[in-house]
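What follows is a short report on a single structure.
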2 protein chains.
Amino acid sequence: MATARTSAGAAPGRGRRAGRSAGDDRELAILTTAERLLRQRTFAEISIDDLARGAGISRPTFYFYFPSKDAVLLTLLDRVTEEADAAAGDVLDHLAEDPRARWRELISRFHATFGGHRAVVLACAEVRGTNVEVRRLWARVLERWVQAVEAAIVAERRRGAAPPGLPARDLAIALNSMNERVWYATFAGDGPAVAERDVVDVLLDVWLTGIYRTTSPG
Amino acid sequence: MATARTSAGAAPGRGRRAGRSAGDDRELAILTTAERLLRQRTFAEISIDDLARGAGISRPTFYFYFPSKDAVLLTLLDRVTEEADAAAGDVLDHLAEDPRARWRELISRFHATFGGHRAVVLACAEVRGTNVEVRRLWARVLERWVQAVEAAIVAERRRGAAPPGLPARDLAIALNSMNERVWYATFAGDGPAVAERDVVDVLLDVWLTGIYRTTSPG
DNA sequence: ACGTCCGTCAACACCCTGTCGAGATCGCTC
DNA sequence: GAGCGATCTCGACAGGGTGTTGACGGACGT
């Protein structure tokens, strides 16, 4: 039980006495061990014992820091999505300046963030089917991005840059979904996939034609 | 190890003496039990014992018919993709008659097939991360569809109906990927999703704009 | 009647998860 | 610098799932 150690939602490591403690180091050690191991094996192939040993503690002690293996991944995912949010910034507020360049910037930054943590992204895709918490967190994050894109599409239509068409929300969902799946295939490298160096431009083209009916919107 | 009972790839139930035998019934019973249970719980929540009891046999006997729980799902997936292939038929050979109507027919038929077996589809998405065989089978199937769509795009460009643009294969990958992910969200019902009655039209519009730059190609 | 497959299952060995309770250790106060 | 509560640690256990082994019954051709 311990304190509110589940994190994922706020700055982790809160709820204990102010300063740095040995416990914080251990928690971090578990996290970094997880991300390291994820670069070598599947999430399913990693046992709690692996995580514990990698962090220099015993298996029962692991449970002091995280309630389960999935909770570790959840924390990792939380960090990545925060990083992605920060990277995206407010590009969508400046679409009018140069639509194509701005949309490209958005997609490109997401690509860079996910690509930098592909092990975590792949692992999350792996457990999304079984783990409710990961599913919910991802749903929440995606919802935010969908709403941002939806608003941007509405704004582009209002200023006459984009023609009317599909409900903006549906279009935003479809485009975001496409990106997710295409990135997954590219990073996982199995099945038909777009080459990593082309993926941003491919996605961009489908976004632009979907929103503007042209790949060079004015 | 019994005979070549893994199936998934050819007509299942071959490799034993000609006529119907009790074993074929059992094998079928396992399959139908799996699809039934999948409508109620997650794949991970179903144990081999559940499958065996549902089929009226003991757990060790299950192993006589299938090497693992995943192999059952693989057989199920094989059937669904065969059904989808059959449903798709040769619509893509008649695009010139009425592009919008034909593309819509293609998407709509896939939608109907997957929607009719959403439990299996969802379960496959769940294990794709962990199971190599499911991953490979899905990759093979997807590759076929991608190639068919790629060829259709090339043909449409050649006859002047579609403008040049992205490499046809990359476009085909992106569009197929989008469909997969959007359907998944719609069927799973979690996270931002397109309403089931709208999903075909939403996907169609993105396909048409991506391929023709218009939603009403001539 | 007799071997030989097909089909069946009780029992076993194994691995992984999650929990409990008994300690060690840390940081603070008096 | 002794004492105390919170933090931290782990050995040992219980439970549930998987996959395998070895022995047993029945159908079928000869």
Side-chain angles (χ1 to χ4, degrees), chain A residues 1-7 12-31 33-34 37 41-74 126-127 130-133, chain B residues 1-7 12-31 33-34 37 41-74 126-127 130-133:
Chain A
M1 299 307 139
T3 42
R5 285 210 143 284
T6 31
S7 54
R14 238 203 291 102
R16 205 158 21 180
R17 67 184 164 290
R20 209 116 290 292
S21 84
D24 287 327
D25 294 342
R26 299 278 148 75
E27 184 169 338
L28 202 64
I30 294 174
L31 255 8
T33 300
L37 256 32
R41 325 174 211 166
T42 304
F43 184 70
E45 288 165 354
I46 299 172
S47 74
I48 290 182
D49 202 47
D50 295 331
L51 257 22
R53 294 202 174 282
I57 56 178
S58 74
R59 203 170 57 78
T61 301
F62 168 92
Y63 287 99
F64 181 82
Y65 293 99
F66 292 96
S68 69
K69 201 173 63 162
D70 289 13
V72 177
L73 186 58
L74 199 65
E126 182 185 330
V127 303
T130 53
N131 184 298
V132 214
E133 324 236 359
Chain B
M1 282 303 155
T3 43
R5 285 211 143 283
T6 33
S7 56
R14 238 201 294 99
R16 204 157 20 178
R17 68 183 164 289
R20 211 117 289 292
S21 84
D24 288 327
D25 294 341
R26 299 278 148 74
E27 183 169 338
L28 202 64
I30 293 174
L31 254 9
T33 299
L37 256 31
R41 326 174 210 164
T42 304
F43 184 69
E45 288 166 353
I46 298 172
S47 75
I48 290 183
D49 201 49
D50 294 332
L51 256 23
R53 296 204 171 281
I57 56 177
S58 75
R59 201 170 59 79
T61 302
F62 168 92
Y63 286 99
F64 180 81
Y65 294 100
F66 293 94
S68 70
K69 200 172 62 161
D70 290 14
V72 177
L73 186 59
L74 199 64
E126 183 185 328
V127 304
T130 52
N131 184 297
V132 214
E133 324 237 0

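This structure is a prediction, so every number in the text was calculated from the model and none was measured. Values below: every heavy atom of this structure, side chains too, minus hydrogens, waters and symmetry copies. Below, chains carry the letters A, B, ... as their sequence lines are ordered, and counting in each starts from 1.
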Rounded distance (Å) that lies between atom [atom2] of [N] and atom [atom1] of [X]:
{"X": "A:Arg59", "N": "C:dC16", "atom1": "CZ", "atom2": "P", "value": "10 Å"}
{"X": "A:Tyr65", "N": "D:dT7", "atom1": "OH", "atom2": "C1'", "value": "8 Å"}
{"X": "A:Leu51", "N": "C:dG18", "atom1": "CG", "atom2": "C1'", "value": "15 Å"}
{"X": "B:Asp49", "N": "D:dG19", "atom1": "CG", "atom2": "P", "value": "13 Å"}
{"X": "A:Ile57", "N": "C:dG18", "atom1": "CD1", "atom2": "C1'", "value": "15 Å"}
{"X": "B:Tyr63", "N": "C:dA10", "atom1": "OH", "atom2": "P", "value": "15 Å"}
{"X": "B:Glu45", "N": "D:dG17", "atom1": "CD", "atom2": "C1'", "value": "14 Å"}
{"X": "B:Phe66", "N": "D:dT18", "atom1": "CZ", "atom2": "P", "value": "15 Å"}

Q.
Of the listed nucleotides (C:dC9, D:dC13, C:dG7), which one gets closest to any side-chain atom of B:Ser58?
A. C:dC9
Q) Considering only D:dC8, D:dT21, C:dT17, which nucleotide approaches the side chain of A:Phe64 most closely? A) D:dC8
Q) Taking only N and O in the side chain of B:Thr61, is any of them less than 4.0 Å away from OP1 or OP2 of C:dC9? A) yes
Q.
Just checking B:Arg53: does its CZ atom have more than 12 heavy atoms from other residues, nucleotides or ligands closer to it than 6.0 angstrom?
A. no
Within the structure provided, determine whether [X] and [Y] are in side-chain contact (heavy-atom separation under 4.5 Å).
{"X": "A:Phe62", "Y": "A:Val72", "result": "yes"}
{"X": "A:Leu31", "Y": "A:Phe66", "result": "yes"}
{"X": "A:Thr42", "Y": "A:Glu126", "result": "yes"}

